[in-house]
Protein chains: 2
Amino acid sequence: MVSIVDIAKECGVTPSTVSRALNGKDGVSEALRDKIIKTSVDLGYESNEKARWLATKESRQIGLILPDITSPYYAAIAKGVCDYLRPLGYSVLLCNSSRDRHEEKENIKMLQRQRVDGVVVISVTAKEEDLFPLLNSGIKVVAADVEIGPAFSSVVNDNYQGALMLFRHMIKCGSRNIGCILGEAQSQTTVDRLNALKRVLEENSIEFNKDNVVYTDATFENGYKKAKMLISKKIDSLFAINDTVALGVIKYCQDHGINIPHDLKVAGYDDLEIGSMIEVPLTTVHQRKVLLGRKAAELLLQEIKSHSEPLKIVLAPKLTVRSSCGENFL
Amino acid sequence: MVSIVDIAKECGVTPSTVSRALNGKDGVSEALRDKIIKTSVDLGYESNEKARWLATKESRQIGLILPDITSPYYAAIAKGVCDYLRPLGYSVLLCNSSRDRHEEKENIKMLQRQRVDGVVVISVTAKEEDLFPLLNSGIKVVAADVEIGPAFSSVVNDNYQGALMLFRHMIKCGSRNIGCILGEAQSQTTVDRLNALKRVLEENSIEFNKDNVVYTDATFENGYKKAKMLISKKIDSLFAINDTVALGVIKYCQDHGINIPHDLKVAGYDDLEIGSMIEVPLTTVHQRKVLLGRKAAELLLQEIKSHSEPLKIVLAPKLTVRSSCGENFL
DNA sequence: GTGAAAGCGCTAACAA
DNA sequence: TTGTTAGCGCTTTCAC
């Protein structure tokens, strides 16, 4: 493996000159610089980031911790992070935590050992204190998709606004009795969207009926099961916490001859690609997933460069109207 | 950031002793080792992989180049790689190439600069020579999902066998005139599966009709478009090169009142999760995606440790029968 | 404009 | 069993 010493010898100069030349620092004549760059290319030199770290404490590596790379939602965020960072010379260390707090902690340690410059973390399980070790070792942290605490910057989607738009749309489509399949009751996402529902109901003088709301793990299977349960309650509409759950609801309806949107209006959240590919296209809320990842990476880099105060960025979602809630009569 | 020097001072020994103790090498009394380990956790020490590299030339980092992390297929492979490697103390550098050869080359350079120990590459665009720089700088390479050349180990799914099973099943279900929406004509995947079709047709004395075969980009939209085209040709069945394309086909049928499987049998390939969630569950071929990633990582680690000859691992696929091809009458 | 020298945090060969 | 020493490849003062 060729090092700057090889280049130095080849050019009859010292390593320090090569370093200056290659890093675009001044104090090198243009002619020499050209020669050095040329031989570095000829020799197939690629800078050694490991050795460079030792001298500069800059690794040009960013950690990315996420619950499940297999989820299209998180995968899209990961894409945003990677695609933004690569052209800037950063590489990303992917950590798949499997939604497991212990695994998250292990990944955090690993990122410390690898001396990354910063980490983007998406976690529903991690506690604030789990991440302090990173801060204490001088590694910047930005939370994406969900906040982790006042000490950390974050980039999130505006769940309240998104849900507001969606529920208003449903009301306009004629919904009067909306069932909800939500996630964990304590999760901020669930809370925000439920608050939006309450507000919209209030705006329309409809009473909130908490029997129409169930909390569960956000899976396809639970969508199917809970749909069965809620439909027995004479609801005319069903909001699912995400598109995957909505898919479960839709499947249940198809299996039982329930026509969407005629017999039941269905709405999801996230705007996964699949929502537009199915028989009855899903009305949902579009999340700027790739952008969210990009913004998180952007913010992280800023914090790495200038030690700024924690910042919070809220991204505006967009209503995606398809046919699963019927027509907007307004 | 605490270093072994800090631990050494704290314990009143030298850094080399600390190094030996922490790395489980012998030549340290058990009492001292315990003391050193204890203070290392007390001080919150995490080994410095960057400095360690300089001394050992081992980074414990693996590169993963893939076409699109957003694709559920590649994401599952990535999961296999990550989940296998993490407990072994390796981290993975995720490189999203966007199916772009130039981007792949840039990623390769970046992985060289980061001095990774090895890389798993999934690429349909990279040429063999693009990867030689890695080999030449002593970085091991294993191809996953698709082979790249005799110099490289690979782990692939057996496309020929998988397609064989699928087409035999279709024949048993009554298919006599099978249309195909394939990928690029030159791709090995396409070739293997088409050969399987030809063989099965031959087994059943059915003539191969090349007008029933189209080559295209494997997208949902193209599935939709080509379905339209092929259905006009009086086919009774349609094989799509992957489930995403099959979804396009199904959507076209739903939009045009074509009943699956009654009017048209449809089969896909890959067994994406979504295939079981839609109205008419998709018959497809299950690919061991996570296992494929795991095996690739396993093989890579082997090659890193012992300089073995290139190896090829072929994974057996499994037919997943659902209802989109109707019943098996055999 | 260029070179010399020190140092980053670790491991490993050699001494004691 | 432990310490001493050198060195990995780079950057960065400080001289010249």
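The shown structure was predicted, so the numbers you read here are calculated from the model rather than taken from an experiment. First the proteins, then the strands, lettered A, B, ... as listed; each starts at 1.
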Asker: Between C/dA12 atom C1' and B/W53 atom CH2, what is the distance in whole Å?
Answerer: 16 Å

Asker: Report the distance from atom NZ of B/K57 to atom P of C/dC10, rounded to the nearest whole Å.
Answerer: 15 Å

Asker: Give, for atom CD1 of B/I4 and atom CG of B/L43, the distance between the pair rounded to the nearest 0.5 Å.
Answerer: 13.0 Å

Asker: Tell me what A/S29 touches on the nucleic acid: a base, only sugar-phosphate, or nothing, going by heavy atoms under 4.0 Å.
Answerer: sugar-phosphate

Asker: Would you kindly say whether A/Y73 and A/D145 are connected by a side-chain donor-acceptor distance under 3.5 Å?
Answerer: yes

Asker: For B/R33 and for B/R115, locate the closest nucleotide of DNA chain D by heavy-atom distance; then report the residue assigned to the nucleotide nearer the 5' terminus.
Answerer: B/R33

Asker: Taking atom types as modelled and ignoring hydrogens, do the side chains of A/S137 and A/Q112 form a donor-acceptor contact shorter than 3.5 angstrom?
Answerer: yes

Asker: I need the CZ-C1' distance between B/R52 and C/dC10, as an integer number of Å.
Answerer: 9 Å

Asker: Using a heavy-atom cut-off of under 4.0 Å over every strand shown, decide if A/K50 touches base, sugar-phosphate, or nothing.
Answerer: nothing

Asker: Take the C1' atoms of the five end pairs on each side of the helix from C/dG1-D/dC16 to C/dA16-D/dT1, get both axes, and report the angle to 10 degrees.
Answerer: 40°

Asker: Remember a base hit wins even if backbone is also touched, and classify B/S3 as base, sugar-phosphate or nothing at under 4.0 Å, heavy atoms.
Answerer: sugar-phosphate

Asker: Regarding B/D42 and B/K38, does a basic nitrogen lie under 4.0 Å from an acidic carboxylate oxygen?
Answerer: yes

Asker: Regarding B/E46 and A/R113, does a basic nitrogen lie under 4.0 Å from an acidic carboxylate oxygen?
Answerer: yes

Asker: Hey, where on DNA chain D does chain B first and last touch, going 5' to 3'? Cut-off is any atom under 4.0 Å from a heavy atom.
Answerer: D/dT1 to D/dG9

Asker: Just verifying a value: how many Å separate A/L85 CG and A/E298 CD, rounded to the nearest 0.5 Å?
Answerer: 10.0 Å

Asker: Looking only at side-chain N and O atoms, does B/Q114 offer a donor or acceptor that is under 3.5 Å from a partner on A/Q61?
Answerer: yes

Asker: Quick one: does B/E49's side chain get under 4.5 Å of B/S47's, heavy atoms only?
Answerer: yes

Asker: Test B/V18 against every option in B/I36, B/V5, B/T39 by the side-chain contact (heavy atoms from CB on, under 4.5 Å) rule and name the one that passes.
Answerer: B/I36

Asker: For a quick test of reading the model: is some side-chain N or O of B/Y45 closer than 4.0 Å to OP1 or OP2 of C/dC10?
Answerer: yes

Asker: For B/R99, is there an ion pair with B/E104 - N to carboxylate O distance below 4.0 angstrom?
Answerer: no

Asker: May I ask you to say what A/T56 touches in the nucleic acid, namely base, sugar-phosphate or nothing, with a heavy-atom cut-off under 4.0 Å?
Answerer: sugar-phosphate

Asker: Could you give the CG-to-C1' distance, from A/L54 to C/dG9, as a whole number of Å?
Answerer: 6 Å

Asker: Any ion pair linking A/D130 and A/R101 (charged N to carboxylate O, less than 4.0 Å)?
Answerer: yes

Asker: Heavy-atom contacts under 4.0 Å between residues 17-28 of chain A and DNA chain C, which residues?
Answerer: A/T17, A/R20, A/G27, A/V28

Asker: From NZ of A/K35 over to P of C/dG1, roughly how many Å is that when rounded to an integer?
Answerer: 17 Å

Asker: Can you tell me how far P of C/dC10 sits from CD1 of B/I36, to the nearest Å?
Answerer: 13 Å

Asker: A/R113 CZ to C/dG9 C1': how many Å, rounded?
Answerer: 16 Å

Asker: To the nearest 0.5 Å, what is the distance between CG on A/N136 and CG on A/L131?
Answerer: 11.0 Å

Asker: With nearest nucleotide decided by heavy atoms, which residue, B/V13 or A/A51, maps closer to the 5′ end of DNA chain D?
Answerer: B/V13

